[in-house]
Protein chains: 2
Amino acid sequence: MTDLAAVLRANGMRLTPQRRRVVDALARLGHATPDAVAAEVGGDGGAALPASTIYRALEALEELGLVAHTHLDHRAPTFHLAGHADHIHLVCLGCRAVDEVPVALAGEFVAGLTAARGFRADVTHMAVHGWCASCGGPR
Amino acid sequence: MTDLAAVLRANGMRLTPQRRRVVDALARLGHATPDAVAAEVGGDGGAALPASTIYRALEALEELGLVAHTHLDHRAPTFHLAGHADHIHLVCLGCRAVDEVPVALAGEFVAGLTAARGFRADVTHMAVHGWCASCGGPR
DNA sequence: TTGAATGCAAAAAATTTGCATATTG
DNA sequence: CAATATGCAAATTTTTTGCATTCAA
């Protein structure tokens, strides 16, 4: 909480009520598109925020690593709080279902990337596409 | 080649010169956004194709598993031929650089997903975000 | 006080859709 | 021939930008 303000301030940024509302919305939703965030923010009785504010807030928060995003589907990016990111998304190309698995499953993979390229993967941003148990695969 | 036509026909679809040009463009580019495909298709001296045709061609080809896409950056999806997908993309959140590593690195990870959920991951569609060796990471 | 953020409105992008017409198989 | 695709133009959707004004620190 106050930590939020601290991180922002440490980077010459400010904790505005709008940004707080965006963070709260993400906390409630788990993960959501900018559009969904806008709807949630406006839904709590408060006045809706203009799209530009939502986008700029998400961008600012992401820059500091407080928020991250993945692409679960074709269009719209899906944002979530860094703290909420405790799972990897499995997106079925057949039925579009989204499943989640613990990040631990990718442990070796991540370690391998670091070893091979010095790349520190943020698996919490990851969406893996493929075919779920019920779907046939490309036909 | 003829295989392309065969797969399309087997699904009640047709191999039109436009679709062939889109496939050729992807083959030349490796991977590209719909916009880049349009530019490449138009660049070879041939007439440019309307955006809708490009989108519809990519959609049709993707449905059959002949083409796939990833999200290397925030916006635009990046398409590539199924055959070209022999690597995983590492996208640096710091400098936006895109590196590639062999899919083999994810072997165990993929196997784990299948074991845990019966999910057959198509790693060729995967983009892993994180921080490259030269970039500091979230600050 | 003072630079960072917001609101608004307008501009850009990026996709999608309707439909008459042209084409493939 | 008959059903699938294309071309075009218009409509959507999504995201970005400019700027005067407000507000957090």
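Letters go in sequence order (proteins before strands), and every chain restarts at 1. Here the structure is a predicted model, which is why all the values come from computation and not from measurement.
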Side-chain touch B:Met126/A:Val128, heavy atoms, less than 4.5 angstrom: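 Counting from C-beta outward, B:Met126 and A:Val128 do come under 4.5 Å.
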Beyond-backbone contact of B:Thr53 with B:Gln18, side-chain heavy atoms, under 4.5 angstrom: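 Sidechains of B:Gln18 and B:Thr53: in contact.
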[atom1] of [X] versus [atom2] of [N]: gap in Å, rounded?
X: A:His71; N: D:dT15; atom1: NE2; atom2: P; result: 9 Å
X: A:Leu64; N: C:dA4; atom1: CG; atom2: C1'; result: 13 Å
X: A:Arg20; N: C:dT6; atom1: CZ; atom2: P; result: 12 Å
X: B:Glu63; N: D:dT4; atom1: CD; atom2: P; result: 13 Å
X: A:Asn11; N: D:dA24; atom1: CG; atom2: C1'; result: 16 Å
X: A:Ile54; N: D:dT17; atom1: CD1; atom2: P; result: 17 Å
X: A:Glu59; N: C:dA4; atom1: CD; atom2: C1'; result: 14 Å
X: A:Arg9; N: C:dA5; atom1: CZ; atom2: C1'; result: 16 Å

Spacing of A:His84 atom NE2 and A:Leu29 atom CG [to the nearest 0.5 Å]: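 If we round to the nearest 0.5 Å, A:His84:NE2 and A:Leu29:CG are 9.5 Å apart.
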Reported CE-to-CG distance for the pair A:Met13 and A:Leu61, which is rounded to 0.5 angstrom: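 Going from the CE atom of A:Met13 to the CG atom of A:Leu61 covers 8.5 Å.
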Proximal nucleotide (of C:dG25, C:dA14, D:dT14) relative to the B:Leu15 side chain: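 When the side chain of B:Leu15 is considered, C:dG25 is the closest of C:dG25, C:dA14, D:dT14.
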Nearest to side-chain heavy atoms of A:Arg14, which nucleotide of D:dT15, C:dA5, C:dT15: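 Closest of the options to the side chain of A:Arg14: C:dA5.
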Whichever of B:Pro50 and B:Gly12 has its nearest DNA chain D nucleotide further upstream toward 5':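 The answer here is B:Gly12.
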Contact nearer the 5' end of DNA chain D, comparing A:Pro17 with B:Leu8: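 Whichever sits nearer the 5' end wins; that is B:Leu8.
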OP1 or OP2 of [N] versus the side-chain N and O atoms of [X]: is any pair under 4.0 Å?
X: B:Tyr55; N: C:dT15; answer: yes
X: B:Gln18; N: D:dG7; answer: yes
X: A:Arg56; N: C:dT6; answer: no

base_contact_polar (D:dC8 base, B:Ser52 side chain, donor-acceptor, <3.5 Å):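 Looking at the base of D:dC8, it does pair with a donor or acceptor on the side chain of B:Ser52 (distance under 3.5 Å).
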D:dA5 base / B:Arg19 side chain donor-acceptor hit below 3.5 Å: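 Answer no: no donor N or O sits under 3.5 Å from an acceptor.
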Any donor-acceptor N/O pair, A:Arg9 side chain to A:Arg14 backbone, under 3.5 Å: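 Absent.
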DNA chain C: 5'-proximal contact among B:Asp35 and A:Leu49 (nearest heavy atom):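 Whichever sits nearer the 5' end wins; that is A:Leu49.
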